[in-house]
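Indexing begins at 1, ligand by ligand and atom by atom, following the structure's order.
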Amino acid sequence: MPNLDSNIEFLKGVGPQRADTLKTELGIFTCRDLLFHFPFRYIDRTKFHRIRDVHTEGETVQLRGVLRRLETLGEGKAKRLVGTLRDESGIMELVWFRGIQWLEKSLQVGKEYIAFGRVSEFNGRMNLPHPEMEEATAETGQKAKNFDPVYPTTDKLTQKGLDAKGLRKLVRTLLDGLSPTDVPETMPEYLIGQFRLTPRYDALQKIHFPENQADLDGATRRLKFEELFFLQLRLLQIRTRRKDSFRGFVFSKIGDFFNRFYQEKLPFELTGAQKRVLKEIRSDLASGKQMNRLVQGDVGSGKTVVALMTMLMALDNGFQACMMAPTEILAQQHFEGITSLVGDLGVKVGYLSGSVKGKKREAILAQLASGEMHIVIGTHALIEEWVQFKNLGISVIDEQHRFGVEQRAKLWAKNPAGPPHVLVMTATPIPRTLAMTLYGDLDVSVIDELPPGRKPISTMHKTEHHRLRVQGFMKEEIAKGRQVYVVYPMIEETETMDLQNLMSGFEALSRDFPPPEYHISIVHGKMKPADKDFEMQRFLRRETQIMVATTVIEVGVNVPNASVMVIENAERFGLSQLHQLRGRVGRGADQSYCILLTSYKLSHEGRERIQTMVQTTDGFVIAEADLRLRGPGNIEGTQQSGMLRFLLADLARDGHMLAAAREVATQILEKDPALALPDHARLRQHLASEGKDARVWSRIS
Ligand code: ADP
Ligand code: MG
């Protein structure tokens, strides 16, 4: 038996050709990769259903019976292979639309088979489309005591004989040659006892070939816990190490800039939540350690002023500050907002983006290098190499979900004097479990209070039939001097159609809202930045009353006079996106409205999303619902994050286990930061061995 790190080619039954396919199709390069290619489900061989008892559509069943009939029906697209399976209780129809030729050859009428599949209903009768078929032999009878693993596979692998069954055989070979020393225990004995964990070797055997449900549950729980625990341990270690090794600039004093701003300029009283978060930031900045803090606050909770006051603390201590936003529009808005907030305080604020060129750019770069410029606000351009500061004390990153961890790291490298403090702000509320993982290396503050006097946005669900009424309503609001957004979905895969949709929507609106009374702006991702900006500016200056747009307006844009958000095809947006879009209105003192237009027929999930929006405006409630409905991989802003790619764990369902794992990891590192105690030798060894494994690390840094 080859060892776990050897090429999969050398496992008995593989060879060079299959090895190639395993590599390209499943990313299985070594025996270890195969060991961790876990089944995605199991065939419960311990149970057979009686055909007569099968009446639930969608149920997965295993039947055992004799194949009584097999014939090809229909022509062309309707061509199908139909069979009948009979057991002592009744008959079930089996149907295949693909692979007919091969099935016709391999199945034999009169033989006994085990059919496995999901029940579906057709013309009021149950049938089994595309069941997996296996001949019932003495051997399958034997297997009736087992759970058979089913592995993810592909067409190409199936052609090479590596279908679910073929893979099962390879894994069996691998496991038969596996000894406990190949997969050493990674958890300290005391934790195994405390959490009653299945030992690692047993768990790896049983995750593939459990004998019963209890085996499977134990193995799954153990491996999930391991996955979550080590991720948390690594994240917390990164955090601790960074705190210990990077001395942060100490901002010991609160000076004139901050005090004068607070007393003379701040146009409103800070909310309790804003004050609390500012205190947390202040204490980080005075601590002598580098701050890495995430501020989560719902749309409109007032993050900008918190960012500004944080930057003023840097200025008071002789440092510069920068603020980075994901889009040009947003960066510009921050620039304008902050310039007007600081007024005549004597703070020099600059703007930098890819479109600032030539002499203008040179002047700004020179002022940043000399220290004359206090605050610079801009886009990604700020992290380019040619931007150098004299002494950058703090970087604020707005709407973090568009920035990766690497980009954060780039910002640290800006400074000759060492890494600046980092304040990350996001308006996408993230469920606690996700935040622990995505931002596990950051400290988190939450602004969980909106400024007073805001009227909650009233949200309505309307279908196509109500379009005229919706337009009437838009006209009423416009007559009151308000402005309206009409947003269309734009998804990369269906871009051309979406663009057509948007354009015909725009044309229809232009007919119903004609000049000279009405003017309409349009903004979408295919437009040149300058044109986009022009249209946006017209809307901002109130020269147009309606803004037709795609989600480019989603992030941060602030038009307080806009009071109606109409979202077309609302069922096609994710929850957090809908929430972000809705947050574009309700920024002024007027009552605001969000109208979700959908087709009449909605999927179950679509309906639930729309209902959630109608029922609540609490971003955290919405985020939890989103996580539950779509799973963590689809939550906005997490797609690129390899960190959420777990083998087994599911952040939507395993929140409790995650919290427990983080708790344990925290306790361990508090007691033994270097993992030097004999009890923690296994942890140290495992982390070191994974450190050599590039794949694991690429997920984190
Ligand atoms: P977000 O958190 O979405 O970035 P902003 O910082 O853009 O929110 O703030 C939204 C609006 O609320 C701005 O017009 C801002 O001036 C105003 N605002 C912020 N804090 C307060 C407060 N404490 N009281 C009243 N208005 C506030
Ligand atoms: Mg903002």
Side-chain angles (χ1 to χ4, degrees), residues 261-279 281 293-312 322-343 375 377-379 395-403 423-430 444-457 483 485 536 540 551-563 565 576-590 592 594 617-620 622-623 636-637:
F261 176 78
Y262 192 63
Q263 282 150 18
E264 300 167 22
K265 303 290 175 201
L266 190 64
F268 38 69
E269 180 69 21
L270 292 176
T271 63
Q274 284 171 319
K275 284 185 190 161
R276 191 189 66 240
V277 171
L278 273 167
K279 268 193 203 132
I281 292 170
R293 185 168 287 278
L294 172 75
V295 175
Q296 281 198 59
D298 217 335
V299 204
S301 60
K303 291 182 293 293
T304 314
V305 73
V306 170
L308 172 59
M309 292 175 77
T310 304
M311 294 195 284
L312 294 178
C322 76
M323 181 164 179
M324 186 159 72
T327 64
E328 180 116 24
I329 292 180
L330 190 56
Q332 233 153 26
Q333 227 172 32
H334 275 318
F335 172 66
E336 281 153 23
I338 283 176
T339 309
S340 88
L341 273 170
V342 296
I375 294 178
I377 295 169
T379 59
S395 300
V396 177
I397 306 175
D398 194 14
E399 312 294 355
Q400 138 82 16
H401 60 285
R402 309 265 161 121
F403 284 111
L423 185 69
V424 175
M425 304 198 299
T426 175
T428 313
I430 301 158
V444 179
S445 295
V446 182
I447 308 187
D448 49 6
E449 186 184 345
L450 291 181
R454 298 264 168 86
K455 295 201 180 76
I457 300 162
Q483 288 165 288
Y485 289 109
M536 197 67 217
L540 273 168
T551 48
V552 290
I553 60 145
E554 179 190 334
V555 178
V557 177
N558 196 7
V559 183
N561 190 52
S563 66
M565 168 65 64
S576 73
Q577 238 181 346
L578 289 172
H579 180 64
Q580 288 290 318
L581 285 169
R582 179 168 60 183
R584 296 306 105 214
V585 296
R587 311 202 129 214
D590 309 314
S592 295
C594 175
T617 53
D618 184 328
F620 283 93
I622 289 170
E636 172 102 9

request  = Using a 4.5 Å cut-off on heavy atoms from C-beta on, say whether the side chain of P267 contacts that of L341.
outcome  = yes
query = What are the atoms of ligand 1, with element, lying closer than 4.0 Å to any heavy atom of T271?
reply = 23 (N)
task = Could you tell me whether the side chain of Q296 and the main chain of M425 form a donor-acceptor pair under 3.5 Å?
result = no
inquiry  = Geometry only, no angles: is G300 polar-contacting ligand 1 at N/O separations under 3.5 Å?
reply    = yes
query = Does one side chain, of T339 or E336, offer a donor that lies under 3.5 Å from an acceptor on the other?
reply = no
request  = Number the atoms of ligand 1 from 1 as they appear, then name those within less than 4.0 Å of a heavy atom of L270, with their elements.
outcome  = 23 (N)
query = Which atoms of ligand 1 sit under 4.0 Å from any heavy atom of E269?
reply = 22 (C), 23 (N), 24 (N)
request  = Determine, using heavy atoms of S301 and all atoms of ligand 1, whether some pair is separated by less than 4.0 Å.
outcome  = yes
request  = Report the distance from atom CD of Q333 to atom CG of D398, rounding to the nearest 0.5 Å.
outcome  = 11.0 Å
query = Could an N or O of ligand 1 be found under 3.5 Å from any N or O of P452, whether backbone or side chain?
reply = no
message = Rounded to the nearest 0.5 Å, what separates atom OG1 in T310 from atom CD1 in I281?
response = 3.5 Å
ask   = Going from CD on E269 to NZ on K275, what distance comes out if it is rounded to the nearest 0.5 angstrom?
value = 4.0 Å
Ligand 1 contacted by M425 (non-hydrogen, < 4.0 Å) = no
message = Please work out, at 4.0 Å between heavy atoms, whether the side chain, the backbone, both, or neither of T304 comes within that distance of ligand 1.
response = both
